[in-house]
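Reading through the structure tokens given below for one structure.
Computed from heavy atoms alone, side chains included, the values below leave out hydrogens, waters and symmetry copies. Below, chain A is the first sequence line, B the second, and so on; all start at residue 1.
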Number of protein chains: 2
Amino acid sequence: MKIKSQKLSKNEKVVLEVVKKSNGPIKAYTILSDVKKNGLKAPPQVYRALDKLIKKGKIHRIESKNAYLDCQNSKCKTSSRTAFSICQKCEKVTEIINTKLSKFLSNFKDDAGKEYQKYNLEFYGICKKCKS
Amino acid sequence: MKIKSQKLSKNEKVVLEVVKKSNGPIKAYTILSDVKKNGLKAPPQVYRALDKLIKKGKIHRIESKNAYLDCQNSKCKTSSRTAFSICQKCEKVTEIINTKLSKFLSNFKDDAGKEYQKYNLEFYGICKKCKS
DNA sequence: TATAACTTGTTATAATATAACACTTTTATG
DNA sequence: CATAAAAGTGTTATATTATAACAAGTTATA
Ligand SMILES: [Zn+2]
Ligand SMILES: [Zn+2]
Ligand SMILES: [Zn+2]
Ligand SMILES: [Zn+2]
């Protein structure tokens with residue numbers, strides 16, 4: 001199994017910094033307006049960087065929010081198996097890092113006996129802060 | 001726990017029929033062009049119907065594809081707990097109906113001991129047909 | 001029948017994402 | 001090194017997906 005290079009290009013670095021310093025999931029066009037000071041001007045520059053960063057396991061896409069979040073899991077070498085907790089009130093998102101869960105899903109066989117190399121799981125609820 | 005009415009409005013019925021007869025996930029604007037013969041003309045008419053149908057558990061949204069699929073699970077009274085198998089080659093999507101899986105996820109507690117009443121899980125792989 | 005709740009029709013626009021093409025930089029290879 | 005291949009960048013235009021806002025019609029129900 002070939003290991004994908006984790007080296008980042010100039011634009012990838014710029015975009016990753018913005019995603020990292022955002023407090024939670026950030027949208028592509030929010031990133032774009034932010035990176036304009038770094039000389040990036042057009043959507044494709046941002047989307048390309050996002051796509052690469054996802055492939056390199058540096059960030060994840062929160063599908064139900066069209067937003068991007070930096071990986072909070074040191075073990076996340078790739079983006080192939082992800083799980084998130086999403087607050088329906090404040091929109092806070094955290095990556096779930098749970099061995100029992102990832103083992104269960106990685107080993108899961110469907111009724112045809114098929115296993116899956118890749119999954120994305122999004123849990124929805126109300127976070128602790130919003131409950132109190 | 002209040003049971004949501006499953007009664008469908010005229011537009012909801014029209015849209016549901018199109019989703020049902022499509023062979024796999026269908027996009028909102030594909031639905032729109034299809035329902036034009038029924039007098040529906042504008043995106044909001046389709047999107048409203050889709051939203052209601054999702055809430056009523058008649059269809060599901062495949063988040064990673066921006067597409068809609070009719071519910072294949074007779075037990076799916078609501079859309080709160082869903083799992084899908086998605087072929088990365090032919091884009092075929094099937095709803096996973098598996099008691100072990102749904103029990104595990106429904107009972108899953110994160111590290112803070114929190115349970116979730118809602119989730120969406122998308123598995124990605126290559127379907128049987130595409131493998132052979 | 002009044003009135004609230006829901007449903008529809010319509011126009012316009014917002015938000016998200018990609019195609020296509022020219023050019024530059026980096027990497028690999030003989 | 002030379003040079004070709006691969007990866008990355010800049011740019012314009014456009015495609016795709018989704019919602020805001022408002023007016024009007026319909027249905028439930030008390
Ligand atoms: Zn991660
Ligand atoms: Zn919250
Ligand atoms: Zn279902
Ligand atoms: Zn397939």
Side-chain angles (χ1 to χ4, degrees), chain A residues 2-19 22 24-69 79 91 93 120 122, chain B residues 2-19 22 24-56 58-69 79 88 91 93 120 122:
Chain A
K2 194 175 161 208
I3 304 289
K4 204 166 276 142
S5 163
Q6 297 301 113
K7 210 175 148 188
L8 302 185
S9 77
K10 174 183 148 280
N11 288 1
E12 286 160 28
K13 281 177 194 160
V14 168
V15 168
L16 179 57
E17 279 321 297
V18 174
V19 176
S22 105
I26 185 171
K27 303 258 186 176
Y29 276 74
T30 307
I31 295 169
L32 177 57
S33 66
D34 201 325
V35 297
K36 281 189 170 158
K37 55 178 170 304
N38 297 90
L40 279 78
K41 286 171 186 156
Q45 296 176 300
V46 170
Y47 280 104
R48 281 174 195 149
L50 288 172
D51 288 349
K52 291 290 177 65
L53 289 168
I54 288 168
K55 280 184 188 136
K56 292 174 182 176
K58 299 298 185 185
I59 66 173
H60 301 300
R61 180 178 152 85
I62 310 303
E63 294 290 350
S64 61
K65 302 180 82 66
N66 300 329
Y68 305 84
L69 185 69
S79 302
E91 318 248 294
V93 177
N120 179 57
E122 301 186 358
Chain B
K2 195 177 162 208
I3 305 287
K4 202 164 279 141
S5 161
Q6 297 300 114
K7 209 175 150 189
L8 303 185
S9 78
K10 172 183 148 286
N11 289 1
E12 286 159 26
K13 280 178 196 161
V14 168
V15 168
L16 179 58
E17 279 320 297
V18 173
V19 176
S22 105
I26 186 171
K27 303 255 184 179
Y29 276 73
T30 307
I31 296 170
L32 178 56
S33 67
D34 200 327
V35 296
K36 280 189 170 157
K37 55 179 171 301
N38 297 90
L40 280 79
K41 287 171 186 156
Q45 296 176 300
V46 170
Y47 280 103
R48 280 175 194 147
L50 288 172
D51 288 349
K52 292 290 177 64
L53 289 168
I54 289 168
K55 281 185 186 134
K56 292 174 182 177
K58 298 298 185 186
I59 65 173
H60 302 299
R61 182 178 150 83
I62 310 303
E63 293 291 351
S64 61
K65 301 179 83 65
N66 301 328
Y68 306 84
L69 185 70
S79 302
Q88 289 166 312
E91 318 248 293
V93 178
N120 180 56
E122 300 186 358

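Look at Tyr29(B) and the base of dT16(D); the rings do not stack under the cut-offs of 5.5 Å between centres and 30° between planes.
Where DNA chain C meets chain A (any atom under 4.0 Å from a heavy atom), the bounding nucleotides read 5' to 3' are dT16(C) to dT27(C).
Side-chain atoms of Leu50(B) and Ile31(B), non-hydrogen and from C-beta on, do get closer than 4.5 Å to each other. No side-chain heavy atom of Leu69(B) sits less than 4.5 Å from a side-chain heavy atom of Arg61(B). Within the 4.5 Å cutoff, side-chain heavy atoms of Leu53(B) are placed close to those of Val15(B).
Regarding Ile26(B), its CD1 atom lies at a distance of 12 Å from the P atom of dT17(D), rounded to whole Å. The NZ atom of Lys65(B) sits 15 Å away from the P atom of dT16(D) (whole-angstrom rounding). Here the P atom of nucleotide dT16(D) and the CG atom of Leu32(B) are 13 Å apart, to the nearest Å. Between the NZ atom of Lys27(A) and the P atom of dT17(D) there is a distance of 16 Å, rounded to whole Å. A straight line from CG of Leu8(A) to P of dT9(D) spans 10 Å, rounded to a whole angstrom.
Partners of Ser64(B) by side-chain contact (heavy atoms from CB on, under 4.5 Å), not counting sequence neighbours, listed by chain and number: Glu63(A), Ile62(B), Ile86(B), Glu122(B), Tyr124(B). Not counting sequence neighbours, Asn11(B) has no partner by the side chain to side chain donor-acceptor pair (under 3.5 Å) test. Residues satisfying the side chain to side chain donor-acceptor pair (under 3.5 Å) test with Glu91(B), not counting sequence neighbours, are Lys65(B).
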Look for any protein N or O under 3.5 Å of an N or O in nucleotides 22-28 of chain D and output each such pair with its distance, or none.
residue: dA28(D); atom: OP1; partner: Lys7(B); partner atom: NZ; Å: 2.9

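Listed here is the closest heavy atom pair of Val19(B) and Tyr68(B): CG1-O, 4.1 Å. Between Pro25(B) and Val93(B) the shortest heavy-atom distance is CG-CG2, 3.5 Å.
Sequence order on DNA chain C of the closest nucleotides to Pro43(B) and Ser9(B) puts Ser9(B) first from the 5' end.
Interface residues of residues 35-42 of chain B facing DNA chain C, ordered by number: Lys41(B), Ala42(B); criterion, heavy-atom separation under 4.0 Å.
Within 4.0 Å of Lys52(B), counting heavy atoms only, lie sugar-phosphate atoms of the nucleic acid but no base atom.
Here dG10(D) is the nucleotide among dT17(D), dG10(D), dT19(D) with the atom lying nearest to any side-chain atom of Gln45(A).
The list of salt bridge (charged side-chain N to carboxylate O under 4.0 Å, His left out) pairs with a residue in residues 28-54 of chain A, not counting sequence neighbours, reads Lys21(A)-Asp34(A), Asp34(A)-Lys37(A). Listed by first and then second residue, the salt bridge (charged side-chain N to carboxylate O under 4.0 Å, His left out) pairs that reach into residues 8-18 of chain A are Glu12(A)-Lys56(A), sequence neighbours excluded.
In terms of phosphate contacts, Tyr68(B) brings a side-chain nitrogen or oxygen within less than 4.0 Å of OP1 or OP2 of dA18(D).
Taking five base pairs at each end of the helix from dT1(C)-dA30(D) to dG30(C)-dC1(D), the local helix axes there meet at an angle of 40°, rounded to 10°.
Atom NZ of Lys58(A) and atom CG of Leu16(A) lie 7.5 Å apart (nearest 0.5 Å).
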